[in-house]
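Values in this document were obtained by computation on a predicted structure and should not be read as measured data. Below, chains carry the letters A, B, ... as their sequence lines are ordered, and counting in each starts from 1.
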Amino acid sequence: MALLETIDITKVFGGLTAVNKVNFKLEPGQIVSIIGPNGAGKTTFFNTLTGIYSPDGGEINFNGRSLLKLRPDQIAARGISRTFQNIRLFGEMSVIENILVGMHVHLRQSPIATLLHLKGFKNEEAEAENKAVELMHYVGLRGVGNELAKNLPYGAQRRLEIARALAADPLLLLLDEPAAGMNPQETEDVTKLFRSIRDDRGTTILLIEHDMRVVMNISEHIIVMDYGEKIAEGTPAEIRSNPRVIEAYLGRGAVAGQHEEKLS
Amino acid sequence: MISMTIRQLFEQINRGYWPYAIILAHIVLGTAMVYSTPRSSIAFLVLITSFFSLYYFKADIRFKIIVGAILALIVIPIVGVRNIFYLEVIFQVCVFAALALGLNIVVGFAGLLDLGYVAFYAVGAYLWAFFGSQQFYVLHFAPGTQPSNLPFLLPGDAFYLFLFLAIIVAAFTGILLGLPVLRLRGDYLAIVTLGFGEVIRVLANNLDKPLNFTNGPQGITPIQRPTMPETVVEWFNNVFGGMIGHKASTADLYNVMFYFFALMVIIVIIFVTRRVDDSKIGRAWTAVREDETAAIAMGIPLVRMKLAAFALGASFAGVMGVLLAASRTFISPESFSFMQSIGVLSMVILGGSGSIPGAILGAATVTLLNLQILQGFSLYLSELRQSDAVIPLINFAWRDLSTQLDPAKYQRLLFGLILILMMIFRPGGLIPAKRRKRRLASDQATAEQ
Ligand SMILES: Nc1ncnc2c1ncn2[C@@H]1O[C@H](COP(=O)(O)OP(=O)(O)OP(=O)(O)O)[C@@H](O)[C@H]1O
Ligand SMILES: [Mg+2]
């Protein structure tokens, strides 16, 4: 059974249909990329999946249940975590605290136990802290647990966002342009990280990415969006040679040779 | 440059045995000054600021706790009974410190701008004012027309029960207000809470008909206090009488008692605030304040967390309301004006939004400025007016100084100045909030390799 399925999902802003009847299935354990030109509606698609926008039509099923009518925090609690295109960390909180916030849905902490520091509370906090440090190391950050998130360099902030998203133990991880602004070395490192997240933890990954090296290297399946519509999907090889994709990226009348350069 | 050298000097003396000597010297000096000049506000300020040296200088925590306890539990009551005005000032500092701590949860932790915070204070105050007075039997009388021999509804000792009831009632009011308005952001929330604060005040003003719940603008009086056994008064006079110089009356001891209650409430508030701040709720509040969208995407239920902040902050104010009603034995809508809300807000901002010691320092500073410095200055000016003194060079007789110029009335100017100056020079406040550093043993071990 598909982990995530959208049926005719649509989101309209005024006169602009940002996401137009997108049908889409995601099998568990896959790494799938969404590509498309600027303004194609990729981020808006993520925002409808996570409940930040409520869709104007269509259906979203996750893990066998509908996500419509759920609040974003309820959707997160069902197992969808995400990162943001323009990094959204809690800047005035430490690195560890950012990750601990990601664990919010899993921490019990009754009011009584919190006030009296009962054993259950203390154990849970200590465990959460250890797990947070492990996650921090896992994404490649070391010795910065007490730094404020806003003081980290750019690449480290991107990694911290991933750690924070992983802290919720999600079934599905949504990454919005995770390699944007990174140099080739960093890009290669995070690409490896994504693959190991899937391999180690079995997390299904759906990512939006403009960097074709990442996309072609990592994806088992690719979705192409343009003007809010899904215009193509398939394996990296299929997408590379799909004429509609070439048209979307290079405009009508583009010659075959030019797109090869851009897409490969 | 100058601030650098001051800091260096401070660091020079803030080590070894120096801090102990300075703290003790400060306390002894303050106490001696208060003793020798019992009416001087400078002497009083010297004594009160010894709490700040106790906070700022590095010393063993046990030393700080013991000295602080002696200062708060023994020295202050003695000095306070000698000059009851001092005790009144300290009580007000405590009340406002508690209010500032409560508002700090809403504004500082959760980042919700609440401009009507004293509404919850009013709820607590009127709760005890109604049940702890004769008001229940006045329901059918217009204000001022009730017979004088009405009974009291409850015994004065029900006060203790109402301290706890106020927590629940104020928290419930907070949730009731929060439910519809917490979906609003920023400015809109500020406006609605401002309106709510005014609504409560107007209700208090007008709920004297058709049923007379609040006695309108005249306010409710007398409000009962818990009983004070005669033996306590005797005991106090036996032990401390010599140091005070006159026999303490029951009224004096009531002041001491309410000061102790206020102190206790503050300690509980600090304890609760710290525990909550160090849990997933505290982290969720900070996350919501930093970035709502990211917070909800991490699974934080926004409205529930904001309601929790509102309810907790409100409950602190509610308790203080009960305390105020009982200590004053009189309550009227005037005590819960918009200016009070702004005053508490300026305390939080002055001290440092989100900072517990900051809220206390802010409350102390603003209250002392108001009660001691502005009023002292007013007094000084009016003395000058009555004298024949003349300002030399410009040949201006103090006598001609307009009586409009009464610094004690410049509270609003003071709040405004505080807010503006803090925004410009120290947006983090006098004692900016700090994130707790964690030990993170496993992280350090690997980082050092
Ligand atoms: N909140 C909003 N209100 C109005 N229009 C919006 C809103 N969010 C997005 N849009 C519009 O919807 C369209 C799709 O935007 P979206 O951000 O989803 O594109 P994208 O594919 O993520 O592009 P990029 O690659 O630049 O990130 C754009 O035309 C954008 O201007
Ligand atoms: Mg986008």
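Of the residues considered (B:Ile300, B:Thr286, B:Asp278, B:Val276), B:Ile300 shows the highest number of contacts with chain A, using heavy-atom pairs under 4.5 Å.
Both the backbone and the side chain of A:Leu115 come within contact range of chain B, judged by heavy atoms closer than 4.5 Å. Looking at B:Ala433, neither its backbone nor its side chain comes within 4.5 Å of chain A, counting heavy atoms on both sides. Both the backbone and the side chain of A:Thr114 come within less than 4.5 Å of a heavy atom of chain B. Contacts between A:Val101 and chain B at a heavy-atom distance below 4.5 Å involve backbone atoms as well as side-chain atoms. Within the 4.5 angstrom heavy-atom criterion, only side-chain atoms of A:Met136, from C-beta onward, approach chain B. With a 4.5 angstrom heavy-atom cutoff, A:Ile52 touches chain B only via side-chain atoms.
Between the side chains of A:Gln85 and A:Thr43, at least one donor N or O sits under 3.5 Å from an acceptor N or O. No side-chain donor-acceptor contact under 3.5 Å links B:Arg283 and A:Asn98.
Few gaps surround CZ on A:Arg201; more than 12 heavy atoms of other groups in view lie less than 6.0 Å from it. The local environment of OH in B:Tyr188 is sparse, with at most 12 non-hydrogen atoms from other residues, nucleotides or ligands closer than 6.0 Å.
Taking the six-membered ring where the residue is Trp, A:Tyr53 and A:Phe13 present perpendicular rings, their angle passing 60° and hence far from 30°.
The existence of a salt bridge linking A:Lys192 and A:Glu188 is confirmed by a sub-4.0 Å separation between a basic side-chain nitrogen and an acidic carboxylate oxygen.
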